[in-house]
Number of protein chains: 2
Amino acid sequence: MPPADPQDRNIAATFAKGMAVLEAFDGQAPALTLADIARLTGQDRATARRGALTLMHLGYLRQDGRQFSLTPRVLTLAGGFLRAHRIGRQVQPVLNHHAGALGAEITLATGDGDRVLLLAQSTAHGGPVSYGFTPGSRLPLLHTSLGRMLLAGEDPEGLEARIAAAPIAPHTEQSLTDTAEIAVRIGRARQAGFCITDSEFEPGITGIAVAVAPNVVLGSSLPRGRDGAEGVDALLRGLQTCASELRQAGALSGL
Amino acid sequence: MPPADPQDRNIAATFAKGMAVLEAFDGQAPALTLADIARLTGQDRATARRGALTLMHLGYLRQDGRQFSLTPRVLTLAGGFLRAHRIGRQVQPVLNHHAGALGAEITLATGDGDRVLLLAQSTAHGGPVSYGFTPGSRLPLLHTSLGRMLLAGEDPEGLEARIAAAPIAPHTEQSLTDTAEIAVRIGRARQAGFCITDSEFEPGITGIAVAVAPNVVLGSSLPRGRDGAEGVDALLRGLQTCASELRQAGALSGL
DNA sequence: ACATGTTGTGCGTTATGCGCACAAGCGTCA
DNA sequence: TGACGCTTGTGCGCATAACGCACAACATGT
């Protein structure tokens, strides 16, 4: 059963190409011109133009001059997911409560292909560091505690392939580059039930992650050595009780 | 015999229909069947099926049994907007800081058609009430302080038409239903530079909103009479300084 | 059992989107 | 200034690709 026939009669190529146009606005650049879109999507300029014009017609894109940019309406699509999974009603309050108690920022994330996808984030006003990530942001799988914890929760059989497929893009000088060593760390995370990374994604920042459900993890971070080992321990315990509370709420079963 | 261009040659109908399928997942129901999609979009079942299958192929939809549901990947689309406008980096920290100082939840919103569209939300962990809204949630224009403040910032000429176009859906028994009276309140909000509503959207809750930029407002809410009039005053002043700080950051110029 | 609701899928038709090719702007260098 | 490259916008013929009817298989309730 071939997973995707390139010429499946049941797949609307025009629709897929249009979505590629929408995906081109990934935030790397705040605005794109038609030529940019055509380049990024590999489509003919005329095709890209039709896609962009259609998105404009639907209200997802706006055009000033020759620059196209996203409108806030794209948020409504995300809103559908967040509401369907009760993120605002059941998840966010739990995150906020524990973040306040711990004085740290807590992030809920899932795996999306070879990236970590941020689902929700609780903001502690006392939080010392702010990374500027939002729901919908994507992080690397291999060099974050969140990503490694996600991989630790998967079937160990396919782990090597998953690591090989994920892009090895070291973010700091301390990022591990040896895939075997990364696999070891993931294995340890599976055993321990949590994952800690140090300075692999942001220099001087220690990341902690625990599992919540299949393909759902919870994480936080703090400056290295701020409160020493006991600070990490306290944060870890806090995350674990938070995860258990989220499990009890049970809104995160389906991805 | 082309019947005088039934539709614009530059707009891809297939793409628009596919987006309609995606929009059908607005969170009202956590999952939809093919028949539901066809009904909600008014499309032929075969067309809806092609759209859903294409979305599945792209990873935005998943299917278990006969139920289709959104995957977290839709969040990446919103992430593009949030990153392009520096919401996470420049806006959220300001919101968090003021929310902590005020002990109240602060919401940033814009207008999207005849609805208020939530852009970002800062959560104070001490906040007494949580409404369960998230970025991407939509609220009525006429019965919220956010919505009325948005209308107050628009061209007064078209105000009547805007009010007539927006759905009059009273949410509480105290919701104003007289459009003329609503127009008066909006006019007052324009004069005062802020808008206060009481129990019109949620019973017993007072909402406050101030303008940040064209089509961008900031709001908060508190239980009626919690801290009396001086509580409202303090919150209002806090919102105004928060708005001014956001203006200085200047990331909210383009919608 | 029937009746009513699904879902999957062929297939002929033609509307529809594709991309070439032309036209019009914009800057640079001689 | 004019000729040059390198953009960008758009019309139009053609072939494809999407449409939606229609049928079959299946589930559910009366």
Side-chain angles (χ1 to χ4, degrees), chain A residues 1-25 28-70 84 254, chain B residues 1-25 28-71 254:
Chain A
M1 165 175 184
D5 298 322
Q7 278 190 333
D8 194 338
R9 292 274 280 166
N10 299 2
I11 286 186
T14 308
F15 183 20
K17 292 192 181 187
M19 289 303 292
V21 171
L22 191 54
E23 289 167 1
F25 291 84
Q28 303 278 23
L32 298 177
T33 133
L34 271 184
D36 292 333
I37 300 173
R39 216 172 296 124
L40 287 168
T41 60
Q43 300 173 3
D44 187 275
R45 280 208 342 278
T47 305
R49 180 172 177 268
R50 277 186 284 273
L53 255 45
T54 305
L55 284 170
M56 248 186 68
H57 181 68
L58 297 176
Y60 292 104
L61 239 47
R62 78 188 305 265
Q63 175 180 29
D64 11 45
R66 50 188 50 179
Q67 300 286 326
F68 289 87
S69 57
L70 288 177
Chain B
M1 169 177 116
D5 280 348
Q7 280 161 2
D8 194 339
R9 287 281 272 167
N10 300 359
I11 286 185
T14 307
F15 182 21
K17 291 192 183 188
M19 289 303 293
V21 171
L22 191 55
E23 289 167 1
F25 291 84
Q28 303 278 22
L32 298 176
T33 119
L34 269 184
D36 292 334
I37 299 173
R39 213 174 299 121
L40 286 168
T41 60
Q43 299 173 4
D44 187 273
R45 273 205 355 271
T47 305
R49 181 172 177 268
R50 277 187 284 272
L53 255 45
T54 304
L55 284 169
M56 248 185 68
H57 180 68
L58 297 176
Y60 292 104
L61 238 47
R62 78 187 306 262
Q63 176 180 28
D64 9 47
R66 51 185 50 176
Q67 301 286 323
F68 289 87
S69 56
L70 288 177
T71 70

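So that the names make sense, note that chain A is the first sequence line, chain B the second, and so on, each numbered from 1.
- Using a distance-only test at 3.5 Å, with no hydrogens or angles considered, a donor-acceptor pair links the side chain of A:Q43 to the main chain of A:K17.
- Of the possible donor and acceptor atoms, one in the side chain of B:T71 sits under 3.5 Å from a partner among the backbone N and O of B:G59.
- Spacing between atom CD of B:Q43 and atom P of D:dG20 amounts to 8 Å, rounded to whole angstrom units.
- Of the candidates C:dG19, D:dG20, D:dT8, the closest approach to any side-chain atom of A:K17 belongs to C:dG19.
- Whole-Å rounding puts the B:N10 CG to D:dG11 P distance at 7 Å.
- Following rounding to the nearest Å, A:R45 (CZ) and D:dC6 (C1') show an atom-to-atom distance of 11 Å.
- Side chain of B:T54 to backbone of A:A12: a donor-acceptor contact under 3.5 angstrom is found.
- Residue B:A46 places its side chain closer to D:dC21 than to any other of C:dG19, D:dG9, D:dC21.
- When rounded to the nearest whole Å, the span between CG of A:L53 and P of D:dG9 equals 10 Å.
- For B:D44, whose side chain is taken as the heavy atoms from C-beta onward, the closest listed nucleotide among D:dG9, D:dC21, C:dG19 is D:dC21.
- Donor-acceptor pairing under 3.5 Å, judged by distance alone, is absent between the side chain of B:R49 and the base of D:dG20.
- Residue A:R50 has its side chain nearest to C:dG19 when only D:dG9, C:dG19, D:dA18 are considered.
- Separating the CZ atom of A:F15 from the P atom of C:dC18 is a distance of 14 Å, rounded to the nearest angstrom.
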A:R49 vs B:N10, side chain to side chain contact (heavy atoms under 4.5 Å, CB included): CA-CA, chis, key distance, verdict: CA-CA 8 Å; A:R49 180 172 177 268; B:N10 300 359; 3.3 Å; yes
Going through the distances and angles, do B:L70 and B:L22 end up as a side chain to side chain contact (heavy atoms under 4.5 Å, CB included)? CA-CA 8 Å; B:L70 288 177; B:L22 191 55; 3.8 Å; yes
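- Phosphate contact (OP1/OP2 of C:dT7, side-chain N/O of B:T33, threshold under 4.0 Å): present.
- Toward the 5′ end of DNA chain D lies the nearest nucleotide of A:Q63, the other residue of the pair A:A13 and A:Q63 mapping further downstream.
- Nearest to the side chain of B:R66, among C:dG8, D:dA27, D:dT8, sits D:dA27.
- OP1 or OP2 of D:dA18 sits under 4.0 Å from a side-chain N or O of A:T14.
- Applying the 4.0 Å criterion to OP1 and OP2 of C:dT6, one finds that B:R39 has a side-chain N or O inside that range.
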